[in-house]
Each structure stands twice: as structure tokens, then as C-alpha cells.
S.K.: 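Below you'll find the structure I mean.
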Amino acid sequence: MNRTLYDKLVDAHKVCDLPDGDMLIYVDFHIMNEYTSPQAFSGLDTKQLGVWRPEAHLAVVDHVNATRSSEPHDAASKLLIDNLEANCTKHGIAFYGLGDPRQGIEHVVVPEQGLVAPGMLIACGDSHTTTYGAFGALGFGIGTSEVEHVLATQTLRYKRMKTMRVTVEGGTAPGVTAKDIIMKIVQVVGAGGANGHAVEFSGSAIRGLDMAGRMTVCNMAVELGARAALIAADDITDAALLGHPHSGRFEFKGESWVSDPEAEFDKEFVISGADIEPLITWGTSPDQSIPITANVPVAADYVSPKAKAALERSLQYMGLSEGQSAQSIEIDTAFIGSCTNSRIEDLREAAKILEGRHVATGVEAIVVPGSAMTRLKAEAEGLRAIFETAGFEWRPEAGCSMCLAMNDDIAMDGERVASSTNRNFEGRQGRGARTHLMSPAMVAAAAVSGHLVDVRDFK
Amino acid sequence: MTKTIKGIAAPLPLANVDTDVIMPKRFLITITREGLADGTFADLRFDNAGQHRPEFTLNQAPWTKATILVVGDNFGCGSSREHAVWGMRQLGISACIGTGFAGIFYDNARKNGLALPVVSPAARDALLQFASNPSGAEISIDLNSRTITAGETSVPFEMDDATRTSLIRGRDDTLDSLEYAGAIRDFEAGLSDGMRISVIK
């Protein structure tokens with residue numbers, strides 16, 4: 001019988017069926033951060049429960065910490081950070097805190113530490129846990145009550161999802177990155193288009209990506225509603241498993257972690273790689289994107305009154321006019337960072353644009369490397385010097401930072417940000433802040449120009 | 001044991017209402033589940049000076065007393081923060097009726113007694129219209145028969161069995177799953193050493 005990669009992963013982790021239609025699935029590895037775990041630990045205390053298998057968990061500080069210094073910027077964030085450390089000490093769980101050379105954004109740290117391999121099931125109280133699908137592992141985000149459930153039982157209650165395959169076939173043009181590929185997929189499938197589905201990405205444009213690019217694609221799969229994203233493991237994956245602290249310490253053999261050739265999916269989308277241009281978002285949902293060469297939509301583009309009203313609301317929040325050209329949008333801030341685009345490969349792409357150029361007058365430009373290890377590597381390669389000479393502020397500590405503004409990196413009301421992050425929601429980067437999502441190279445180009453601009457014009 | 005949820009429903013037709021909008025990040029710096037009612041929909045309910053925005057539905061009578069929301073497509077998308085659901089419950093919301101919800105939000109809702117009946121787009125639009133009438137007529141959600149009644153109208157809704165059981169029984173999933181500790185140990189006994197992760201401290 002032909003099975004999808006998703007079905008193989010679920011089958012391999014199924015503990016037992018439950019009488020009400022759910023199943024219990026086994027969690028090989030669980031990651032925690034400081035803001036979605038405190039109430040899970042207090043739930044264990046209330047119920048007088050212990051942690052089932054402490055060595056299968058890792059806690060990382062990343063969401064609320066300042067990135068200007070390794071000291072918390074206020075008492076409230078310090079409380080969250082100290083609380084996580086105390087909970088980990090109490091239960092014997094590995095903790096990578098501030099000042100630890102392994103600290104960083106959880107989804108950057110885990111691959112860097114070699115803690116993901118094809119065939120694993122990984123859960124984390126963070127929606128971007130879909131990132132691990134890049135390795136042929138089943139990763140998905142969970143809420144705090146489920147964090148408690150994993151801690152106490154090493155399992156989750158689970159219902160098998162429907163499957164979707166998105167095939168991106170054919171080469172992409174120069175200047176088109178993994179970020180543009182996933183932004184195109186979100187645009188085509190829609191912000192909730194994959195709700196209830198596990199999505200497998202395939203096709204030559206996906207196979208041609210390096211691991212950093214594959215992680216960017218799987219990371220943002222949650223923005224189309226996918227609860228899990230997968231890319232079949234191949235030689236590129238195998239090569240990426242070597243040379244990390246946990247390399248060789250575990251393996252999940254027994255299956256070939258690819259979909260069988262005749263496996264059927266509940267939904268299919270096919271996108272031509274040649275049709276993808278560098279994209280920017282103009283609105284307040286990640287599917288509201290246009291090519292950098294295009295104009296912001298006009299009401300006449302939409303049929304239903306509901307869609308027209310939604311357009312009007314987005315434009316009003318974003319401070320844009322109907323039909324305005326993408327390249328006429330002037331920015332206040334450029335931000336490079338987040339679990340989507342803060343890896344060494346992302347920093348290299350941005351640095352290529354910045355070398356020999358300078359940030360435009362009036363633009364504040366910030367780069368927050370995804371982890372302490374990424375920062376050190378970038379500094380050794382001379383990337384820090386390129387960013388700083390170009391007028392970017394190079395942050396000495398790693399974290400989510402201005403992607404969701406839970407630390408002190410908060411955009412002001414009306415501030416317009418070119419951002420290499422994953423969500424352009426109302427208020428995401430600060431109350432009233434206006435976010436335009438794009439690739440890190442496009443953020444660098446916008447920083448230099450003072451407005452959104454086509455990265456392909458930079459030779 | 002809740003089998004019927006009854007109350008005034010408020011129309012919230014916006015599509016893609018994300019959990020950043022439901023619970024802005026400034027309310028997330030907390031180690032407890034409590035005190036989140038004021039944070040719920042904060043930027044929609046309050047202006048920069050902290051005053052109620054009169055144009056927002058939940059600030060208008062009769063919807064100040066709403067315990068049910070009729071919502072747009074893809075409600076609850078984005079961040080996994082369960083604080084969004086805790087806050088809605090603390091604001092007195094017991095159910096959201098929509099055409100589809102983001103997966104993590106759906107699971108979080110189940111854990112906290114927030115019912116999310118899924119209806120067809122046509123039924124949702126009819127319920128939106130019913131909820132928009134300021135007469136304050138109540139909507140009734142019967143979990144047993146999976147039926148929503150609004151005035152003369154009755155529409156079926158979808159809800160998977162496990163979620164429905166959880167809502168009706170108010171079950172604690174963690175304690176219930178520990179009843180299967182033997183099955184979990186059996187599964188672990190079948191794992192090779194290479195399949196047991198041990199994170200370096």
C-alpha cells in the first residue's frame with residue numbers, strides 16, 4: 001500500500017487508539033521557550049505530576065529577552081526567564097539560557113545542535129515548529145495545555161490530518177529566494193487554505209534549495225494554516241546531519257522517509273517556479289502579497305463587498321493607497337532576523353547587497369542573528385563588518401526580537417518596517433506598526449534605498 | 001456537564017483574526033493563566049488612551065453581554081499562544097461559530113471549554129445576520145445533536161467526537177492519558193537506543 005511521508009511518520013509514532021477517536025502519539029523530542037511553558041509546569045505542580053522523560057526535552061530562552069545585552073531589559077521578562085530556568089533545574093531538563101553559547105531562537109538552535117533528523121516527531125509550544133519538516137521530521141506547534149501533556153506523558157492526543165501536496169516545478173529566476181517561494185505558496189493557497197492539512201512540498205524548485213531555504217519554506221507553512229509541513233529527506237538532508245554536537249547520537253531508521261510514488265494526497269497544488277518574482281506583502285495577512293514590480297490592489301480587483309471591505313481595512317491600517325506602486329512605499333525601519341530568516345545563509349545574502357553601500361538617511365536598520373553560534377560564525381566571516389559599515393546595528397544577543405516585539409524592540413504606531421519575518425498582522429511588531437514581509441536580501445535593498453525596491457536591480 | 005451553550009451572539013465577520021489581535025503580546029509577559037480578560041481583543045476594544053472604542057461590536061449593547069461569537073474564516077490563525085483562549089474564556093466567551101479555525105487554536109479551545117462549532121459558509125452568513133440584530137435574541141448550541149438554533153433557523157455543525165466528549169465531560173486530558181501509561185511504556189520498549197533522544201545539558 002502506498003503511503004505519504006506524513007502517514008508513515010504518524011504510523012511510526014502511534015502509541016494506541018483512544019476510545020473517542022483520537023490516538024496517542026509519541027513525541028521523540030520536545031522544545032520549550034519561556035513564554036508558553038510556565039503554566040504547563042504549574043499545571044504539573046497542581047496535579048502533582050512529574051516529567052515522564054526529562055532528557056527528551058530542551059528549553060531555550062528566545063522570545064522575551066533583550067538582544068542589546070545578555071541582561072533582561074525589565075523585571076517582567078526576567079521573571080519569565082528565571083521561572084523557566086527554575087522549572088528546568090527542578091525537573092532535570094536541559095536549559096540553554098542567556099549567555100550560554102548555544103542559546104538562540106529555538107528553531108535555529110535545534111538544527112545547529114543536530115537535534116533533528118528524518119523520521120522524528122518534534123513538538124514545541126510555538127507555531128513555527130513546522131520548520132523541522134525541512135528534515136523529513138514531523139514538527140508541529142502546540143498550546144500550553146499540550147506542553148503540560150507532553151511533559152507528563154511524552155505523548156500527545158492526536159487526530160490524523162488530511163494531506164496536501166504543493167509542487168513547485170522548474171527553476172526560479174535569479175533574485176528569487178526560498179522566502180519568495182513560500183510567500184508565493186501562501187498567496188496561492190491562502191492564509192487558511194491548508195487548515196486541517198499536513199502539507200508536503202515537492203518539485204524541482206524545492207529539491208534545489210539548501211537546508212536553510214527548506215527551513216524557510218517549512219517555517220512559513222503555518223501561515224497557510226498547515227499544522228505540519230514536510231520535505232522528503234535526500235542527500236542534502238543527510239549531509240546537514242553531520243558535524244553538530246548531537247550528530248551520531250541517535251537515528252530513526254526503519255522507513256524511507258519519503259512519500260511512496262503512488263501515494264495519494266487529499267489536495268494538490270502545482271506552481272511554476274518561473275512564475276515566482278521577489279514578493280512583498282502590502283496588507284495585514286501573509287497572503288496579501290504582490291511582486292515588487294506590481295501595484296497595491298484596487299477595490300475594482302475584488303468582486304464581493306466583503307473582500308472590498310477587507311481591502312479597505314488593510315489599506316487603512318497600512319497607510320497605503322489603492323493602486324500605489326510597491327516601489328513607492330517608503331520605510332522607517334529595516335529588520336533582519338526571526339526563525340524564518342536569521343541563519344548564516346540569510347545573513348550572507350543580505351551582506352551581498354550591503355557590501356559597498358549604505359543605509360538610506362532616516363532609516364533605522366537592525367540585524368539580529370538567529371543564535372549565538374550564528375553570530376560568531378558571521379563575525380568570523382566578516383559579515384558583521386559589512387553590516388556595520390553599511391549602517392546596520394548588529395545585535396550582540398540572539399532572539400525573536402522585533403519579529404513579535406515581546407522584548408524591547410517595538411515598532412511605534414505608524415512605523416513602517418521592511419522585515420525578513422513571517423507575520424504582518426496588525427500590531428505584530430508593535431501597536432499600529434506596519435510590517436512588509438520580504439526576503440532578507442530585499443530588506444537589505446530597501447534599507448539602502450529608503451523604500452521597497454527590486455533586489456534584481458542591485459548588481 | 002455542558003450539553004447546551006446558550007447566549008447572545010456577537011457578529012465578528014473579519015477574516016483571518018489572528019491570536020496577536022485576540023491577545024496582544026504585552027499581555028503575554030506572565031507566568032499565570034489569570035488576569036487576561038482586559039487583554040482580550042485589547043487593540044480593538046480600547047484606544048491608545050485606554051478608552052472604549054464605541055465602534056467595536058463588543059463595546060455596544062446588547063453585545064457587551066455576548067457569550068458567543070460568530071466569526072470570519074480562519075479565526076485564531078498565527079501564534080500558538082493559549083493565552084488567546086484563556087482570555088476569551090475570562091471575557092465570558094463560551095463558543096465561536098465559524099467556517100474553519102486554525103489548528104492550534106482549535107486544540108487550545110478544546111482544552112479550555114471553548115466550543116468551536118464549524119458550519120457551512122451559508123449558515124455562517126445567516127448566523128452573522130441573526131447576530132447583527134440588536135434585539136439581543138439568544139443563539140443555542142446543542143453539543144449532543146450538533147445543532148445550532150437561532151430563532152426559527154436550525155443548522156447542523158461539525159465537531160469531531162473527541163473534542164465534543166472533552167467539552168461535554170470537562171475532562172482533564174493529561175490525567176486521562178496517564179491511564180494509558182502501560183501502552184506508552186510498551187511503545188517505548190520497542191524503541192531502539194538510537195531512537196531515544198538525550199539532550200546534552
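Every chain is numbered from 1, with letters handed out A, B, ... down the list of sequences. None of the values given here were measured: they were computed from a predicted structure.
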S.K.: Are A:Asp20 and B:Arg171 within salt-bridge range, i.e. N to O under 4.0 Å?
M.R.: yes
S.K.: Is it the case that atom NZ in A:Lys159 sees more than 12 heavy atoms from other parts of the structure closer than 6.0 Å?
M.R.: yes
S.K.: Please classify the contact of B:Asp161 with chain A as side chain, backbone, both or neither, using a heavy-atom distance under 4.5 Å.
M.R.: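 For B:Asp161, backbone and side chain are both near chain A.
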S.K.: May I have the step-by-step check of salt bridge (Lys or Arg N to Asp or Glu O under 4.0 Å) for B:Asp172 and A:Lys47, ending in yes or no?
M.R.: CA-CA 10 Å; B:Asp172 183 300; A:Lys47 295 167 197 175; 2.6 Å; yes
S.K.: What is the minimum heavy-atom distance between B:Asp20 and A:Arg428, and which atoms define it?
M.R.: OD1-NH1, 2.9 Å
S.K.: Regarding A:Arg423 and B:Asp18, does a basic nitrogen lie under 4.0 Å from an acidic carboxylate oxygen?
M.R.: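 Looking at A:Arg423 and B:Asp18, the cut-off is not met.
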S.K.: Taking only heavy atoms into account, what residues of residues 34-41 of chain A are found under 4.5 Å from chain B?
M.R.: A:Tyr35, A:Thr36, A:Pro38, A:Gln39
S.K.: Heavy-atom cut-off 4.5 Å, strictly under: side chain, backbone, both or neither for A:Met120 against chain B?
M.R.: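 The side chain, not the backbone.
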S.K.: Does a side-chain N-to-carboxylate-O contact under 4.0 Å join A:Arg53 and B:Glu188?
M.R.: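 Yes, A:Arg53 and B:Glu188 are salt-bridged.
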S.K.: Which bit of B:Asn48 is near chain A, if near means a heavy-atom gap under 4.5 Å: side chain, backbone, both or neither?
M.R.: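 Both parts, backbone and side chain.
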S.K.: Please flag which part of B:Asp160 lies under 4.5 Å from any non-hydrogen atom of chain A: side chain, backbone, both or neither.
M.R.: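 Contact with chain A is through the side chain of B:Asp160 alone.
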S.K.: Determine the option with the most heavy-atom pairs under 4.5 angstrom with chain A, choosing from B:Ala181, B:Cys77, B:Pro24, B:Gly100.
M.R.: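 Highest number of heavy-atom pairs under 4.5 Å: B:Ala181.
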S.K.: Under a 4.5 Å heavy-atom cut-off, does chain A meet the side chain of B:Tyr106, its backbone, both or neither?
M.R.: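 No part of it gets close to chain A.
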S.K.: Does any backbone or side-chain atom of B:Asn108 lie under 4.5 Å from a heavy atom of chain A? Answer side chain, backbone, both or neither.
M.R.: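 Only the side chain of B:Asn108 comes within 4.5 Å of chain A.
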S.K.: Could you tell me which non-hydrogen atom of A:Ala94 sits nearest to which non-hydrogen atom of B:Ile200, and how far apart they are?
M.R.: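 Closest pair (atom of A:Ala94, atom of B:Ile200, distance): CB-O, 3.9 Å.
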S.K.: Using non-hydrogen atoms only, which part of B:Ala15 is less than 4.5 Å away from chain A: side chain, backbone, both, or neither?
M.R.: neither
S.K.: With a 4.5 angstrom heavy-atom cut-off, is it the side chain or the backbone of A:Asn422 that approaches chain B, or both, or neither?
M.R.: neither
S.K.: With a 4.5 angstrom heavy-atom cut-off, could you sort out which part of A:Ala405 is near chain B: side chain, backbone, both or neither?
M.R.: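 The answer is both parts of A:Ala405.
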S.K.: Given that the side chain runs from C-beta out, which part of A:His57 has a heavy atom under 4.5 Å from chain B: side chain, backbone, both or neither?
M.R.: backbone
S.K.: Please determine, among B:Ala183, B:Gly72, B:Gly103, B:Gly78, the option with the most heavy-atom pairs under 4.5 Å with chain A.
M.R.: B:Gly78
S.K.: Could you tell me which portion of A:Ile142 (side chain, backbone, both or neither) has an atom closer than 4.5 angstrom to a non-hydrogen atom of chain B?
M.R.: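 Backbone only.
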S.K.: So which part of B:Arg196 gets closer than 4.5 Å to some heavy atom of chain A, the side chain, the backbone, both or neither?
M.R.: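 Both parts, backbone and side chain.
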S.K.: Specify which of B:Val21, B:Asp186, B:Thr165, B:Asp47 makes the most heavy-atom pairs with chain A at under 4.5 Å.
M.R.: B:Asp47
S.K.: Which atoms form the tightest heavy-atom contact between A:Ser145 and B:Asn112, and what is the distance?
M.R.: OG-ND2, 4.3 Å
S.K.: Within the supplied structure, the quantity of interest is the number of heavy atoms (other residues, nucleotides, ligands) at a distance under 6.0 Å from A:Glu312 CD; does it exceed 12?
M.R.: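 Atom CD in A:Glu312 is not crowded, with 12 or fewer foreign heavy atoms closer than 6.0 Å.
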S.K.: Can you tell if the side chain of B:Tyr180 reaches within under 4.5 Å of the side chain of A:Leu18, non-hydrogen atoms only?
M.R.: yes
S.K.: Please flag which part of A:Asn83 lies under 4.5 Å from any non-hydrogen atom of chain B: side chain, backbone, both or neither.
M.R.: side chain
S.K.: Could you give me the CA-CA distance, side-chain angles and deciding distance for B:Ile184 and A:Tyr26, then say whether side chain to side chain contact (heavy atoms under 4.5 Å, CB included) is met?
M.R.: CA-CA 8 Å; B:Ile184 300 169; A:Tyr26 195 76; 4.3 Å; yes
S.K.: Any carboxylate oxygen within less than 4.0 angstrom of a Lys/Arg side-chain nitrogen, looking at B:Asp107 and A:Arg227?
M.R.: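 A salt bridge links B:Asp107 with A:Arg227.
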S.K.: Where is the tightest heavy-atom contact between A:Thr153 and B:Thr174, given as atom of each residue plus distance?
M.R.: CG2-O, 4.3 Å
S.K.: For A:Gln288, is it the side chain, the backbone, both or neither that has a heavy atom under 4.5 Å from a heavy atom of chain B?
M.R.: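 A:Gln288 has no heavy atom closer than 4.5 Å to chain B.
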S.K.: Which one of B:Ala102, B:Ser166, B:Ser177 has the most heavy-atom pairs closer than 4.5 Å to chain A?
M.R.: B:Ser177
S.K.: Where is the tightest heavy-atom contact between B:Glu82 and A:Thr144, given as atom of each residue plus distance?
M.R.: OE1-N, 2.7 Å
S.K.: Answer with side chain, backbone, both or neither: which region of A:Val64 has an atom nearer than 4.5 Å to a non-hydrogen atom of chain B?
M.R.: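 The side chain, not the backbone.
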S.K.: Walk me through it: do A:Arg313 and B:Leu14 pass the test side chain to side chain contact (heavy atoms under 4.5 Å, CB included)?
M.R.: CA-CA 10 Å; A:Arg313 184 186 168 89; B:Leu14 281 176; 3.5 Å; yes
S.K.: So how far is it from A:Arg157 CZ to B:Arg110 CZ, rounded to the nearest 0.5 Å?
M.R.: 6.0 Å
S.K.: Got more than 12 heavy atoms from elsewhere within 6.0 Å of CD, B:Gln60?
M.R.: yes
S.K.: Considering all heavy atoms of both residues, which atom of B:Phe187 and which atom of A:Ala12 are nearest to each other, and what is their separation?
M.R.: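 The pair with the smallest heavy-atom distance is CZ-O, 3.5 Å.
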S.K.: Applying side chain to side chain contact (heavy atoms under 4.5 Å, CB included) to B:Val199 and A:Tyr96, what does each step give before you reach the verdict?
M.R.: CA-CA 11 Å; B:Val199 180; A:Tyr96 298 176; 3.9 Å; yes
S.K.: Chain A: which of B:Val85, B:Asn74, B:Leu178, B:Ile31 shares the most heavy-atom pairs with it under 4.5 Å?
M.R.: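 Ranked by heavy-atom pairs under 4.5 Å with chain A, first place is B:Ile31.
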S.K.: Quick check for you: among B:Thr30, B:Asp193, B:Thr19, which has the greatest number of heavy-atom pairs under 4.5 Å with chain A?
M.R.: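 That would be B:Thr30.
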S.K.: Check whether A:Leu49 gets within reach of chain B through its side chain, its backbone, both or neither, counting any heavy atom under 4.5 Å.
M.R.: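 Only the side chain of A:Leu49 comes within 4.5 Å of chain B.
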S.K.: Passes side chain to side chain contact (heavy atoms under 4.5 Å, CB included), A:Arg431 versus B:Lys25? Steps please.
M.R.: CA-CA 10 Å; A:Arg431 192 170 188 170; B:Lys25 76 265 305 160; over 6 Å; no
S.K.: Among residues 124-134 of chain B, which residues come closer than 4.5 Å to chain A, judged by heavy atom distances?
M.R.: B:Arg124, B:Asp125
